[in-house]
Amino acid sequence: MPYNIIVLIKQIPDLELIKINKDTGAPILEGVPYRFENLSKNAVEAAVRLKEKYGGKVTAVMFGNEKGTQVMKEAYAMGVDDGYIITGYTESNPRFTAKVLANKIKQIPHDIIILGNQSADSMSGMLASFLATQLNYPLLSNALKIEINDKTAIASEGAEKFVADETAPLPCVISVTQETNEPRFPPVMMIMKAGQKKINIEPLNLPVESYSKVLSKMAPKSERKRIIFEDMDKGLPEIVKVIKEVVK
Amino acid sequence: MKALIFSDNYDMAKQIMGRAMQDSQFTLMTTESNEDLLYFGAEKVIFLKGQPVYSCIGETLISEFKKGYDFILISSTTIGRDVAAYVSSKLNLDYMPEVFNYRFDGNKLITKRFSLGGKVVLEEESDAKILTVTPGVGEGIKSERKSLSEELKIPDGPIKVLAINPKQSQGVDIEKAEVIVSVGRGLGKKEGLALIEQLAKKVKGEIAGSRPVCLDYHWLSEERQVGYSGKKVRPKLYIAIGISGQIQHIAGMRDSKTVIAINKDKNAPIFQECDLGLVADLYKAVPKLIEML
């Protein structure tokens, strides 16, 4: 039986390219390109696999900005059928993001909503539960395996110490982890086709909600000694000395 | 101040109680069953029984909170994060995720957490009443006085648990290791692990790895992954071999006491985050090191 699947995707600044201003300790974000957030790729992969198995349609929704079109094209190349970007994202606030996404989701037919369980920038890991609670749907969290049986989703939740097989009635929210699957590299043909496809861009129609006042935002000071040897004969005895102080 | 704590993890429960003890009275709710938890200063420990479904645990927390608490502390675990967002939504109370340090300033809360993948620390002022806290937020302190003990059944909800299986683990817990020998992409091949194992044995350490080694190449299991998206470790000695030192990795080992790095690229960022570094080919340096130990 075919299903309407919504996958939530996210773009983040390329974290490894963010430099720190040595004088102020502040991050330099100007000119840092955006990229597809890792777990969003796992989410797209999971959604597309469900479509391939059961039939149906995958719609991607992103709360971001105009620069998100590149990420949306990548999602199209992976097998997403239709995509919406809601522009106007300013800061990480999963509760507000859930509200924005829930509003959009209500306008799109859906049985299953899939998203990553945490994203690599702030790792708050709360969006899935905020969204499920706001939509009043059950959440199958950290799903390692996903199956759909008629009107029920079955997933294995991977917690730290156990894996729980759980079921929930549709519609439901499912969050995936980095272990859930290996996202595909789309073939060139798909990438080329994706470039032609229409992306729906809509401005945010809610006032932005903030939940904190930032007092400071700086790189943590590293107190490391940074004694570096390039000569192995000099460096190794020092390393041995340090190891022997700890390991007696 | 009166705090309600929830943790599904024994070690985290102790750490959070240790932190809460500094300025609050508190109750612990936990899905753990270890009665040791009755000796860490809680007024009351509520042992939750039944299926660990986040929304159902959330409901038990909400009923307890309504008896009169100022704020809720929840350990940042897969279940904890889901519970926190559920409770924040249902109670319509502000939240703050991934907090590693907090204090009260009048009726405001001042918190610290990492952002941008661990590159920066955000210090924020908020009205948050529901916090998820990360490992290291405090240290458990044994108390003479025994807490009151209660048992509570978690109610049923729309999610049905069919089966619970313990995770297949090789029994390693690198978060508790005192010495860690960690490898990165620079190892080049899985066979290189044999050499690392010899070194780990010599220094009585556990082997760990970076994200590519554990997740992309599967040379090591995922439970050995150190990083922002993996385990956060704090050993006395961390030996990083063939690890470039991307922020994703540093964020998982930043709290190590002493860091030694061996890498052949002298511009590798790991040399900014180590106490002692050696610019060398690991296949030349490590065998010599083993010999010298």
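As the structure is a computational prediction, the values presented were derived from the model and not from experiment. Chain A is the first sequence line, chain B the second, and so forth, proteins listed ahead of strands; every chain is numbered from 1.
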Engineer: With chain B as the partner, which of T177(A), N142(A), D121(A), L127(A) has the greatest number of non-hydrogen pairs under 4.5 Å?
Structural biologist: D121(A)
Engineer: Given heavy-atom pairs under 4.5 angstrom as the criterion, report whether the side chain, backbone, both or neither of Q248(B) touches chain A.
Structural biologist: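 Its backbone and side chain both get close to chain A.
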Engineer: Between L162(B), I262(B), V121(B), V161(B), who has the most heavy-atom pairs with chain A when the cutoff is under 4.5 Å?
Structural biologist: V121(B)
Engineer: Spell out, as yes or no, whether a donor-acceptor pair under 3.5 Å connects the side chain of N9(B) to the backbone of M12(B).
Structural biologist: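 It does hold such a pair.
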Engineer: So which residue, L122(B), N165(B), T78(B), V83(B), ends up with the most heavy-atom pairs under 4.5 Å with chain A?
Structural biologist: T78(B)
Engineer: What part of K244(A) gets within 4.5 angstrom of chain B, counting heavy atoms only: side chain, backbone, both, or neither?
Structural biologist: side chain
Engineer: Under the criterion side-chain contact (heavy atoms from CB on, under 4.5 Å), I'd like the reasoning laid out for F63(A) against F96(A): C-alpha separation, chi angles, the key distance, then a yes or no.
Structural biologist: CA-CA 10 Å; F63(A) 179 29; F96(A) 179 64; 4.1 Å; yes
Engineer: Does any heavy atom of chain A fall under 4.5 Å from the side chain of A280(B), the backbone, both, or neither of them?
Structural biologist: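 Only the side chain of A280(B) comes within 4.5 Å of chain A.
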Engineer: May I ask you to check whether R185(B) and Y217(B) show a side-chain donor-acceptor distance below 3.5 Å?
Structural biologist: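 Indeed, the side chains of R185(B) and Y217(B) share at least one donor-acceptor pair under 3.5 Å.
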Engineer: With side-chain hydrogen bond (donor to acceptor under 3.5 Å, both in side chains) as the test, would you mind laying out the steps for S7(B) and S75(B) before giving the verdict?
Structural biologist: CA-CA 5 Å; S7(B) 181; S75(B) 57; 2.9 Å; yes
Engineer: Do any of residues 24-48 of chain A have a heavy atom less than 4.5 Å from a heavy atom of chain B, and if so, which, in residue order?
Structural biologist: P27(A), L29(A), N38(A)
Engineer: So which heavy atom on G117(B) is nearest to which on A251(B), and how close?
Structural biologist: O-CB, 3.9 Å
Engineer: Can you give me the closest heavy-atom contact between A102(A) and L135(A), atom names plus distance?
Structural biologist: CB-CD2, 3.8 Å
Engineer: Please classify the contact of K108(B) with chain A as side chain, backbone, both or neither, using a heavy-atom distance under 4.5 Å.
Structural biologist: neither
Engineer: Tell me, for K266(B) versus chain A, whether the close heavy atoms (under 4.5 Å) come from the side chain, the backbone, both or neither.
Structural biologist: side chain
Engineer: Under 4.5 Å from any heavy atom of chain A, what part of E273(B) do you find: side chain, backbone, both or neither?
Structural biologist: both
Engineer: Taking every heavy-atom pair that is under 4.5 Å apart, which of L116(B), I164(B), D8(B) has the most such pairs with chain A?
Structural biologist: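 Among L116(B), I164(B), D8(B), the one with the most close pairs to chain A is L116(B).
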Engineer: When only pairs under 4.5 Å are counted, which of Y228(B), F271(B), F114(B) shares the most heavy-atom pairs with chain A?
Structural biologist: Y228(B)
Engineer: Given heavy-atom pairs under 4.5 angstrom as the criterion, report whether the side chain, backbone, both or neither of D14(A) touches chain B.
Structural biologist: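 Contact with chain B: none, neither part.
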Engineer: Is A159(A) in contact with chain B via its backbone, its side chain, both, or neither, using a 4.5 Å heavy-atom distance?
Structural biologist: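 Contact with chain B is through both the backbone and side chain of A159(A).
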Engineer: Just give me the residue among E179(A), K234(A), E238(A), Q134(A) that pairs up with chain B most often, heavy atom to heavy atom, under 4.5 Å.
Structural biologist: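 Most heavy-atom pairs within the cutoff with chain B belong to E179(A).
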Engineer: Could you check T30(B) against Y10(B) for side-chain contact (heavy atoms from CB on, under 4.5 Å), going step by step and ending with a plain yes or no?
Structural biologist: CA-CA 8 Å; T30(B) 181; Y10(B) 172 75; over 6 Å; no
Engineer: Which region of E157(A), side chain (C-beta onward) or backbone (N, CA, C, O), has a non-hydrogen atom less than 4.5 Å from a non-hydrogen atom of chain B, or is it both or neither?
Structural biologist: side chain
Engineer: Do E124(B) and Y211(A) have side-chain N/O donor and acceptor atoms under 3.5 Å apart?
Structural biologist: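 Looking only at side-chain atoms, Y211(A) and E124(B) do not form any donor-acceptor pair under 3.5 Å.
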Engineer: Contact part of I20(A) toward chain B, heavy-atom cut-off under 4.5 Å: side chain, backbone, both or neither?
Structural biologist: side chain
Engineer: In terms of heavy-atom proximity below 4.5 Å to chain A, should H218(B) be classed as side chain, backbone, both, or neither?
Structural biologist: side chain
Engineer: Pick one of side chain, backbone, both or neither for R254(B), based on which atoms fall under 4.5 Å of a heavy atom in chain A.
Structural biologist: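 Both backbone and side chain of R254(B) come within 4.5 Å of chain A.
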Engineer: Strictly below 4.0 Å, N to O, side chains only: are E178(B) and K236(B) in salt-bridge contact?
Structural biologist: yes
Engineer: Does this structure show an ion pair linking E222(B) with R211(B), if we count only N-O contacts that are shorter than 4.0 Å?
Structural biologist: no
Engineer: If you apply the rule salt bridge (charged side-chain N to carboxylate O under 4.0 Å, His left out), what do you find for D173(B) with K231(B), and how did you get there?
Structural biologist: CA-CA 9 Å; D173(B) 188 353; K231(B) 299 270 174 70; 5.1 Å; no
Engineer: Using 0.5 Å steps for rounding, measure from the CD atom of E123(B) to the CD atom of E125(B).
Structural biologist: 9.5 Å
Engineer: Which bit of V246(A) is near chain B, if near means a heavy-atom gap under 4.5 Å: side chain, backbone, both or neither?
Structural biologist: side chain
Engineer: Please give me the minimum heavy-atom distance between L15(A) and K119(B), naming the atom from each residue.
Structural biologist: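 Looking at all heavy atoms of both residues, the shortest contact is O-NZ, 3.0 Å.
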Engineer: Which residue out of R224(A), K225(A), R226(A) racks up the most heavy-atom pairs below 4.5 Å with chain B?
Structural biologist: R224(A)
Engineer: Between S256(B) and chain A, which part of the residue has a heavy atom less than 4.5 Å away: side chain, backbone, both or neither?
Structural biologist: both
Engineer: L109(B) versus chain A, heavy atoms under 4.5 Å apart: side chain, backbone, both or neither?
Structural biologist: neither
Engineer: Could you go step by step and tell me if S119(A) and K10(A) meet the side-chain hydrogen bond (donor to acceptor under 3.5 Å, both in side chains) rule?
Structural biologist: CA-CA 8 Å; S119(A) 72; K10(A) 180 172 178 175; 2.8 Å; yes
Engineer: Is V203(B) in contact with chain A via its backbone, its side chain, both, or neither, using a 4.5 Å heavy-atom distance?
Structural biologist: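 For V203(B), backbone and side chain are both near chain A.
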Engineer: Is I110(B) close to chain A through its backbone or its side chain, or both, or neither, when contacts mean heavy atoms under 4.5 Å?
Structural biologist: side chain
Engineer: What residue in A153(A), S124(A), C172(A), P237(A) has the most heavy-atom pairs under 4.5 Å with chain B?
Structural biologist: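 It is S124(A).
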Engineer: Go through the atoms of T77(B) and report whether side chain, backbone, both or neither lie under 4.5 Å from a heavy atom of chain A.
Structural biologist: both
Engineer: Is E160(A) in contact with chain B via its backbone, its side chain, both, or neither, using a 4.5 Å heavy-atom distance?
Structural biologist: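 Both the backbone and the side chain of E160(A) come within 4.5 Å of chain B.
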Engineer: Is it the backbone or the side chain of A132(A) that comes under 4.5 Å from a heavy atom of chain B, or both, or neither?
Structural biologist: side chain
Engineer: Can you name the nearest heavy-atom pair linking D255(B) to R234(B), along with the distance?
Structural biologist: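 Looks like OD2-NH2, 3.1 Å.
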Engineer: Given heavy-atom pairs under 4.5 angstrom as the criterion, report whether the side chain, backbone, both or neither of Q225(B) touches chain A.
Structural biologist: side chain
Engineer: Checking side chain to side chain contact (heavy atoms under 4.5 Å, CB included) between D275(B) and each of L237(B), T258(B), I260(B), which is the one that passes?
Structural biologist: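 It is T258(B), the one option of L237(B), T258(B), I260(B) that forms the side chain to side chain contact (heavy atoms under 4.5 Å, CB included) with D275(B).
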Engineer: Need one label for T133(A): side chain, backbone, both or neither, based on atoms under 4.5 Å from any heavy atom in chain B.
Structural biologist: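 Side chain only.
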Engineer: Heavy atoms only, distances under 4.5 angstrom: which of T132(B), I79(B), V259(B) has the most pairs with chain A? Name it, please.
Structural biologist: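 Ranked by heavy-atom pairs under 4.5 Å with chain A, first place is V259(B).
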Engineer: Taking every non-hydrogen pair under 4.5 Å, which of S222(A), P220(A), A168(A), S122(A) racks up the most with chain B?
Structural biologist: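 It is P220(A).
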Engineer: If you round to the nearest 0.5 Å, how far is CD1 of I227(A) from CG of L278(B)?
Structural biologist: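 Here the rounded value is 13.0 Å.
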Engineer: Considering only heavy atoms and a distance below 4.5 Å, find which of G158(A), G235(A), A219(A), S216(A) pairs most often with chain B.
Structural biologist: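 Top count of heavy-atom pairs under 4.5 Å with chain B: S216(A).
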Engineer: Please state whether the rings of Y86(B) and Y54(B) are parallel, tilted or perpendicular, taking 30° and 60° as the class boundaries.
Structural biologist: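 It falls in the perpendicular class, over 60°.
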Engineer: At their closest point, which heavy atom of E206(B) faces which heavy atom of I174(B), and how far apart are they?
Structural biologist: CB-CG2, 4.1 Å
Engineer: Report the option among K160(B), E98(B), K284(B) that has the most heavy-atom pairs separated by less than 4.5 Å from atoms of chain A.
Structural biologist: K160(B)
Engineer: So which part of Y95(B) gets closer than 4.5 Å to some heavy atom of chain A, the side chain, the backbone, both or neither?
Structural biologist: both
